[in-house]
Amino acid sequence: MLDQRLLRDNPELISQQLGRRGMEVDLTKLQLIAKQERDLEEQRSNLQAEGNRTGKEVGMLIKGGAAPDSDEVKALREKGNRIKQQVAVLEEEEKGLEAKLREQLLALPNLPSADAPEGKSEADNVEVKRWGEPRQGKDLEEHWQLADRLGLFETERSVRIAQSRFITLMGDGARLERALISFMLDLHSTKGYTEVMPPILVNSASLTGSGQLPKFAEESFRCADDDLWLTPTAEVPLTSLHRDEVIAVEQLPLKYAAYTPCFRREAGSYGRDTRGLIRLHQFNKVELYWFCHPEKSAEAHEQLTLDAEAVLEALELPYRRLELCTGDMGFSAARTYDLEVWLPGAGSYREISSCSTCGDFQARRSAIRFKEGKGTQLLHTLNGSGLAIGRTMAALLENGQQPDGSIQLPAALVPYFGRERLTPQ
RNA sequence: GGAGAGGUGGCCGAGUGGUCGAAGGCGCAGCACUGGAAAUGCUGUAUAGGGGCAACUCUAUCGAGGGUUCGAAUCCCUCCCUCUCCGCCA
């Protein structure tokens, strides 16, 4: 959520920065509501002050010996009643405006950082780094072909259990998934991340706090009988881990690594990535999350991205880092790096992690502050995948494929998986 | 799911209709004392919003939302949560 004071003091900046995202917003209506709301608040609180004084007067009169039904007291009571009624009217109006203002503010995305490159779409993202030698060659298979031959998962039977875009991992496939989760969590633990296993059903306040609601309700699965949703990413429960808290400055930064399943409707992606592990309604992910001091967030963004890259490097998977342009960034992000892993079978780079700094956007929605000296301020939040497990498995399969049909696994994984090769079962 | 108890400031804990944002303690900060520290003493110490250059001031907040009243932490209603016992259960 954007700062209301910014809306008041510098609305041009908001329009201009949202313009960099490719949005055209007219803030005059919003400003008008904000102004009305503030005027109303002033009127109401002045009236309440008078009401409070009246109440006290009655108390003092009675304590001083006046009869509760004396004319003097009666007159004050009537005055109190009159004020109460007026306040009620103003209050209702004020609440209406407040709700409207909040609703509209919640629908506005974060302002892009000044450092974010300007652009309209994916095509304008900027490659900033490349690591590893992308393996090239004819006859390299895609991960779903390899997995099929190795018997790593069931696709058709998964439709029976749930529906399309769900997968059932079997045998070595299930084992490799588990190995990857443990491997990643262990790696992050050595870098000061606290391991977290949060609820994966989250309430709507949590989704609002991290930015998925109100605008992206159609992207998540909702439980019909409760105010609970299946979380689309661990970013949601992790943000709300400290919702409505004031954190002592010495505790910052708080760094968390959480493994969770993630659930997404993937609406609007019919026909894309229909085979294999790339795009599923349910997938596993290890998420990295920082709560940090505003002055440290740029540095933290680099570090968090490096921590995600460390997983790819330990797994010997070639990747590149893109900086997303203003037009391609997510709703809550001020600045984003995407990590794309090389898939030799597909012959392309594929997103495997998205590392964003959200500034105080989520902190304001979620009321997460820190205390430094006398006052409290909003802190900054950052998140990034470290990494998406299914896509990591796909990359391992494609990058490790051998002429004899087996898959060579990276050395770092052997202690977790127990073998250095996948062979047909 | 049934029965009971309870939710007050960073924490503990008083407070059952009047000037209570709230005693007391702990913690924390400043000052004094000290060679330095401990102990001690004094002072200060919630959050959000509005007004003011500022000192300051107004409003709201005692789980949440309604209600009664001139006036509610305190009385009434609804909901949420926590704890204990019973039941059920991985």
[N] pairs with which nucleotide, Watson-Crick or G-U wobble, both distances below 3.5 Å?
N      : result
B:rC62 : none
B:rA90 : none
B:rU84 : B:rA3
B:rG18 : B:rC70
B:rA32 : B:rU40
B:rA55 : none
B:rG27 : B:rU45

Would you mind writing out the side-chain donor-acceptor pairs for residues 377-389 of chain A within the sub-3.5 Å range, not counting sequence neighbours?
unit_1, atom_1, unit_2, atom_2, d
A:H380, ND1, A:S297, OG, 2.8
A:T381, OG1, A:Q362, OE1, 2.7
A:N383, ND2, A:E235, OE2, 3.4
A:S385, OG, A:S354, N, 3.2

Kindly write out the residues that satisfy side-chain contact (heavy atoms from CB on, under 4.5 Å) with [X], not counting sequence neighbours, or none if the list is empty.
X      : result
A:D227 : A:N203, A:S204, A:W229
A:E420 : A:Q408, A:V414
A:A99  : none

[M] and [N], which share atom name [atom1], separated by this distance in whole Å:
N      : M      : atom1 : value
B:rU59 : B:rG41 : P     : 36 Å
B:rC62 : B:rC11 : P     : 15 Å
B:rU47 : B:rA38 : C1'   : 35 Å
B:rG21 : B:rU78 : C1'   : 27 Å
B:rG13 : B:rC26 : C1'   : 10 Å
B:rG17 : B:rU82 : P     : 31 Å
B:rG9  : B:rA73 : C1'   : 13 Å

In terms of the nearest nucleotide of RNA chain B, which residue is placed more toward the 5' end: A:R369 or A:R77?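 Nearest nucleotide further toward 5': that of A:R369.
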Would you mind writing out the side-chain donor-acceptor pairs for residues 40-54 of chain A within the sub-3.5 Å range, not counting sequence neighbours?
unit_1, atom_1, unit_2, atom_2, d
A:R44, NE, A:Q48, OE1, 3.1
A:R44, NH1, A:E94, OE1, 2.8
A:R44, NH1, A:E94, OE2, 2.8
A:R44, NH2, A:Q48, OE1, 3.4
A:S45, OG, A:E41, O, 3.3
A:S45, OG, A:E42, O, 3.3
A:N46, ND2, A:E42, O, 3.4
A:T54, OG1, A:E50, O, 2.8

Any side-chain donor paired with an acceptor under 3.5 Å for [X] and [Y]?
X      : Y      : value
A:T239 : A:Y289 : yes
A:T357 : A:R335 : no
A:Q303 : A:D307 : yes

Not counting sequence neighbours, list each pair that qualifies as a side chain to side chain donor-acceptor pair (under 3.5 Å) and has a residue in residues 277-286 of chain A.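 For residues 277-286 of chain A: A:E177-A:N284, A:T233-A:K285, A:Y259-A:N284, A:E266-A:R279, A:D273-A:R279, A:K285-A:E287.
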When we call it a touch if two heavy atoms are under 4.0 Å apart, what does [X] touch: a base, just sugar-phosphate, or nothing?
X      : value
A:K371 : sugar-phosphate
A:K35  : nothing
A:R5   : sugar-phosphate

With a 4.0 angstrom cut-off to heavy atoms of chain A, pull out the first and last contacting nucleotide of RNA chain B, in 5'-to-3' order.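 Contacts span B:rG18 to B:rG71, reading 5' to 3'.
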Considering only heavy atoms, which members of residues 82-91 of chain A lie under 4.0 Å from some atom of RNA chain B?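 Here the set is A:K84.
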What side-chain donor-acceptor pairs closer than 3.5 Å can you find for residues 16-23 of chain A, not counting sequence neighbours?
unit_1, atom_1, unit_2, atom_2, d
A:Q17, OE1, A:R20, NH1, 3.2
A:R20, NE, A:E118, OE1, 3.2
A:R20, NH1, A:S113, O, 3.2
A:R20, NH2, A:A116, O, 2.6
A:R21, NE, A:N110, O, 2.7
A:R21, NH1, A:M329, O, 3.2
A:R21, NH1, A:G330, O, 3.2
A:R21, NH2, A:N110, O, 3.2
A:R21, NH2, A:G330, O, 2.9
A:R21, NH2, A:A333, O, 2.8

